[in-house]
Amino acid sequence: MGAIINNRLGKTSDGSIIGDFNNYSDRFIPSKRMDSTFESCQTIGMSWGYNKFQTLDNYKTADELFKLFKIITSFNGNLLLNIGPDKDGILDKNEEQ
């Protein structure tokens, strides 16, 4: 059993980055293929957590999510898709689809 670690863990005493892959800013999408593996954290809606004010226009469609997946993986990345349950752990019905 093992684990993979992103580069947010920090650096060693000699300045080397600790981690198995790079993690840039939230919602990062590169413009070209990256030399090293990376993770792109994306949301389905506009918020990282439950937001009762989101409208249907704030959600990515299945086609948009698949396009994100294709772009990110073709650029040597991994897509981490965030979901935002409410305080009771219930998913927004628009994120379940």
Side-chain angles (χ1 to χ4, degrees):
M1 192 141 153
I4 58 172
I5 301 169
N6 69 29
N7 66 339
R8 290 183 178 180
L9 188 58
K11 296 181 180 182
T12 63
S13 58
D14 68 0
S16 301
I17 294 174
I18 300 171
D20 301 306
F21 62 93
N22 292 318
N23 192 306
Y24 301 99
S25 60
D26 294 337
R27 297 186 177 103
F28 171 77
I29 302 172
S31 58
K32 62 180 182 160
R33 184 170 174 80
M34 304 293 281
D35 291 333
S36 60
T37 56
F38 70 96
E39 180 173 79
S40 179
C41 301
Q42 302 287 328
T43 59
I44 296 175
M46 68 179 183
S47 298
W48 292 99
Y50 179 76
N51 184 336
K52 67 181 179 181
F53 298 109
Q54 291 186 127
T55 66
L56 281 178
D57 291 339
N58 298 128
Y59 295 93
K60 294 173 186 73
T61 65
D63 286 341
E64 291 170 321
L65 291 170
F66 187 65
K67 182 179 177 182
L68 264 177
F69 174 76
K70 288 192 311 186
I71 291 168
I72 291 165
T73 56
S74 71
F75 289 162
N76 204 24
N78 177 59
L79 172 62
L80 174 63
L81 191 58
N82 181 78
I83 56 173
D86 67 13
K87 64 181 175 52
D88 297 318
I90 311 256
L91 286 178
D92 182 313
K93 65 179 187 266
N94 296 304
E95 291 186 353
E96 289 180 353
Q97 300 174 21

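If you're wondering where the values come from, they're calculated on a predicted model, not measured in any experiment.
Put simply, CG on Leu65 and CG on Leu81 are 5.5 Å apart, with the number rounded to the nearest 0.5 Å. Atom CD1 of Ile83 and atom CH2 of Trp48 lie 12.5 Å apart (nearest 0.5 Å). Taken to the nearest 0.5 Å, the CG atom of Asn23 stands 10.5 Å off from the OG1 atom of Thr37. Interatomic distance, CG of Asn82 versus CD of Gln42, reported as 10.0 Å (0.5 Å rounding). To the nearest 0.5 Å, atom CG of residue Asn76 and atom CZ of residue Phe21 are 12.0 Å apart. Separation of atoms OG1 (Thr73) and CG (Leu68) is listed at 10.0 Å; rounding is to 0.5 Å.
Ser40 approaches Arg27 most closely through the heavy-atom pair OG-C, 4.4 Å. Between Pro30 and Phe38 the shortest heavy-atom distance is CG-CZ, 3.6 Å. Taking both residues in full, the closest heavy atoms of Phe28 and Met34 are given as CZ-CE, 4.2 Å, listed atom of the first, atom of the second, then distance.
Asp20 places none of its side-chain heavy atoms less than 4.5 Å from the side chain of Asn6. Within the 4.5 Å cutoff, the side chain of Asp92 has heavy atoms near those of the Tyr59 side chain. In this structure the side chain of Leu91 reaches within 4.5 angstrom of the side chain of Pro85, judged on heavy atoms.
Listed by chain and residue number, Thr12, Ser16 satisfy the side chain to side chain donor-acceptor pair (under 3.5 Å) test with Asp14 (two or more places apart in sequence, or in another chain). Looking at residues two or more places apart in sequence or on another chain, you find no salt bridge (Lys or Arg N to Asp or Glu O under 4.0 Å) involving Asp86. Qualifying side chain to side chain donor-acceptor pair (under 3.5 Å) partners for Ser74, counting only residues two or more places apart in sequence or in other chains: none. With sequence neighbours excluded, the residues satisfying side chain to side chain donor-acceptor pair (under 3.5 Å) with Ser36 are Asn22. Remark: Ser47 engages Asn51 in a side chain to side chain donor-acceptor pair (under 3.5 Å) (not counting sequence neighbours).
Listed by first then second residue, pairs satisfying salt bridge (charged side-chain N to carboxylate O under 4.0 Å, His left out) with a partner in residues 49-60 number zero, not counting sequence neighbours.
Under a cut-off of 6.0 angstrom, the local environment of CZ in Phe69 is sparse, with at most 12 non-hydrogen atoms contributed by other residues, nucleotides or ligands.
Clustering ILVMFWY residues whenever any of their side-chain heavy atoms sit less than 4.5 angstrom apart, transitively, puts Ile71 in the very cluster that holds Phe66.
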